[in-house]
Chemist: 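Pasting in a structure now, in structure tokens, and then I'll have a few things to ask.
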Amino acid sequence: MYRSHNNGELRIEQVGKTVKLTGWVQKIRDKGFMIWVDLRDRYGLTQLVFDQERSSAKVMEIAEKIGREFVIQVEGKVIERESKNPKMPTGDIEILVKEIDVLNQSKNPPFTIEDATDGGEELRMKYRYLDLRRNPVKEKLILRHKVTMAVRNYLSQQDFVEIETPYLIKSTPEGARDFVVPSRMNEGQFYALPQSPQTFKQLLMVGGLDKYFQIVKCFRDEDLRADRQPEFTQIDCEMAFVEQEDVLNYFEGLTRHLLKEIKNVEVGEFPRITYDEAMRLYGNDKPDIRFGMQFGELNAVTQHKDFKIFNEAELVVGIAIPGGADYSRKEIDKLINWVKRPQVGAQGMVYAKYNTDGSFKTSVDKFYDEEDFKKWAEKTNAKRGDLICILSGDINKTRAQLSALRMEMAERLNLRHPEEFAPLWVVDFPLLEWDEETKRYHAMHHPFTAPKVGQMAKMATDPGSVKANAYDLVLNGNEIGGGSIRIHNKKIQAQMFEYLGFTEEEAQKQFGFLMNAFEYGAPPHGGIAFGLDRLVAILGGQESIRDFIAFPKNNAGRDVMIDAPAAIDEQQLKDLNLQLRE
Ligand code: ASP
């Protein structure tokens, strides 16, 4: 037996007991006659003491030679500590060591393996197995485990069945690029890794499974924006005989259960807003509603005077920044420069200070008067002491810019409390999205999403205005889930592909299997998928998902530890009948 206890469990009650412990050497304090060692394992730290007077010479000799991260086994007696450490769960005791065995040596680690580390991101990723020994990282993985267990328990209790779907599938245009896998046995042919199990879960509904879920890896070969992973995990779900309302209720239940289980937070009924409203009020389809600063549209109260910039704009829109009226000229200039950065892209910003005495001081005093400013304050919900910031221009761009400013100010003003949870359903998404690059409409969610009842007729005349039975679950400004009610009728699905620019042959070739299935009694169905990595990160109070993944890829999609992707050798290429282009 290697150990009688772990390093997190001994307390004052065990004083006098002889115990065996194993673990890694975290810290050594060597005073010559006495040596203290912090011994670490997953469960915690226990202090060992080697004492010239009470430990044998042989034990002292070995203790003198151990180094950081050595794996050791000790046997000794639990004794009460003279100087207790109330911050450590085991801080009342220490182990007076009688026997020591070095189970394995360690090179000096490349960074400090403690809660606070001197290791930079790249170095920690290269030696991720060492990084995992650190509490903050380990705890995030344990949190992830708790979340997946809670999901499995909850859904299973609600009669959902977890079913695996294949990873080697067929390449289909689903939005992002596919990762492909050459087939050795089928020369010149390729599998694709699933971007999501979308069509399979729909086929499970045709197969009568009724309620499906799967905690599943998905793969998307996208240009990596910060904090995206080429492989990520979804909690993927589908249900038969449901309407949008049913899906929302089921998964509101799941989310509420997780918040209670994991964070002990009770949240009421989730508010819902439409996509159009979200864009109008927040300039964003995943608004953070932990704080206000809603947009006020100002066209009606700005376009009656001689101010050309506003008069020519499609949209004039502002927000009130709490307490901003006392910003100095310099601070405001900095803010103007911030919105003019290329990442935000505004041309400029008009501001109006709503002073505490009720007067206004603005950058457009020449063009407008007190009466105007009062209306601006009203529309933006500004109070005395606030700063009204106004952007103008093209509707979509201006909304995105003001949304960026809103988030930035919330960050600066500490309004995004990580321990506060504000879920929100965004519903009635547009079915289609115009793509400037291809000059075509694309399915905003995916081509299997059903339009709202009665809207299919508008597809031919005004496709951009068609709304879908599609919804997102937003938590603290992050999209944590998204789904839709699906088309389950072959004719409508075929028509949808036609609207999306597929020829009949293309549609048949790529999605014939699904449309054929729809001819054999497909039930009405719908579902949702949650992004597990992001969900766990938010529950862990963080924005970055990387630490919640045991072995993540870096921003270039590389695993720097195993050094992947990598070239394959000539023989492998030959077996696959592949040749690299020059
Ligand atoms: N498959 C979809 C996605 O990955 C989710 C869904 O519609 O259920 O976003």
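Numbers for residues simply follow the sequence, beginning at 1. As the structure lists them, so they are numbered: ligands from 1, and atoms in each ligand from 1. Nothing here was measured: the structure is a model prediction, and the numbers come from that model.
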Chemist: Counting heavy atoms only, which of Q198, Q202, E238 is nearest atom 1 (N) of ligand 1?
Modeler: Q198
Chemist: Would you kindly specify which portion of R220 sits under 4.0 Å from ligand 1, judged on non-hydrogen atoms: side chain, backbone, both or neither?
Modeler: side chain
Chemist: Hey, is A529 touching ligand 1 through its side chain, its backbone, both or neither, going by heavy atoms under 4.0 Å?
Modeler: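 The part of A529 near ligand 1 is both the backbone and the side chain.
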Chemist: Kindly write out the residues that satisfy side chain to side chain donor-acceptor pair (under 3.5 Å) with S403, not counting sequence neighbours, or none if the list is empty.
Modeler: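 Here the qualifying residues are N284.
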Chemist: Which of the atoms in ligand 1, numbered in the order shown and given with their element, are less than 4.0 Å from a heavy-atom of H446?
Modeler: 2 (C), 6 (C), 7 (O)
Chemist: Heavy-atom contacts with S196 under 4.0 Å: which atoms of ligand 1 show up? List them by number with element.
Modeler: 1 (N), 4 (O)
Chemist: Should the proximity of E479 to ligand 1, defined as any heavy atom under 4.0 Å, be assigned to the side chain, the backbone, both, or neither?
Modeler: neither
Chemist: Can E121 and R124 be counted as an ion pair, charged N to O under 4.0 angstrom?
Modeler: yes
Chemist: Using a strict 4.0 Å cut-off to heavy atoms of G483, name the atoms of ligand 1 that fall inside it.
Modeler: 6 (C), 7 (O)
Chemist: Out of all atoms in ligand 1, which are within 4.0 Å of some heavy atom of G482? Include the element for each.
Modeler: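 This gives 5 (C), 6 (C), 8 (O) as the contact atoms.
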Chemist: Between the side chains of R280 and E297, is the shortest nitrogen-to-carboxylate-oxygen separation below 4.0 Å, so that they form an ion pair?
Modeler: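 Salt bridge between E297 and R280, a charged N being under 4.0 Å from a carboxylate O: no.
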Chemist: Heavy-atom contact under 4.0 Å between Q195 and ligand 1?
Modeler: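 It does not; every heavy atom stays at 4.0 Å or beyond.
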Chemist: I'd like to know if the side chain of R486 and the backbone of S484 have a donor-acceptor N/O pair within less than 3.5 Å.
Modeler: yes
Chemist: Using a strict 4.0 Å threshold on nitrogen-to-oxygen distance, state whether K452 and D428 make a salt bridge.
Modeler: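 Answer for the salt bridge query: yes.
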Chemist: Within a distance under 4.0 Å of any heavy atom of H445, pick out the atoms of ligand 1 and give their elements.
Modeler: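 Matching atoms, with element in brackets: 5 (C), 6 (C), 7 (O), 9 (O).
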Chemist: State which residues pass side chain to side chain donor-acceptor pair (under 3.5 Å) with T117; sequence neighbours excluded, sorted by chain then number.
Modeler: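 For T117, no residue satisfies side chain to side chain donor-acceptor pair (under 3.5 Å) once neighbours in sequence are set aside.
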Chemist: Please identify which atoms of ligand 1 are closer than 4.0 Å to at least one heavy atom of K201.
Modeler: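 Listed by number with element, the hits are 6 (C), 8 (O).
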Chemist: Considering only heavy atoms of I528, which atoms of ligand 1 have at least one such atom less than 4.0 Å away?
Modeler: 8 (O)
Chemist: Strictly below 4.0 Å, N to O, side chains only: are E245 and R272 in salt-bridge contact?
Modeler: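 Salt bridge between E245 and R272, a charged N being under 4.0 Å from a carboxylate O: yes.
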Chemist: Numbering the atoms of ligand 1 from 1, which are under 4.0 Å from a heavy atom of Q234?
Modeler: 3 (C), 4 (O)
Chemist: Salt-bridge test for K146 and E139: reply yes if a basic N is under 4.0 Å from a carboxylate O, no otherwise.
Modeler: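 Judged by the 4.0 Å cut-off on N to carboxylate O distance, K146 and E139 do not form a salt bridge.
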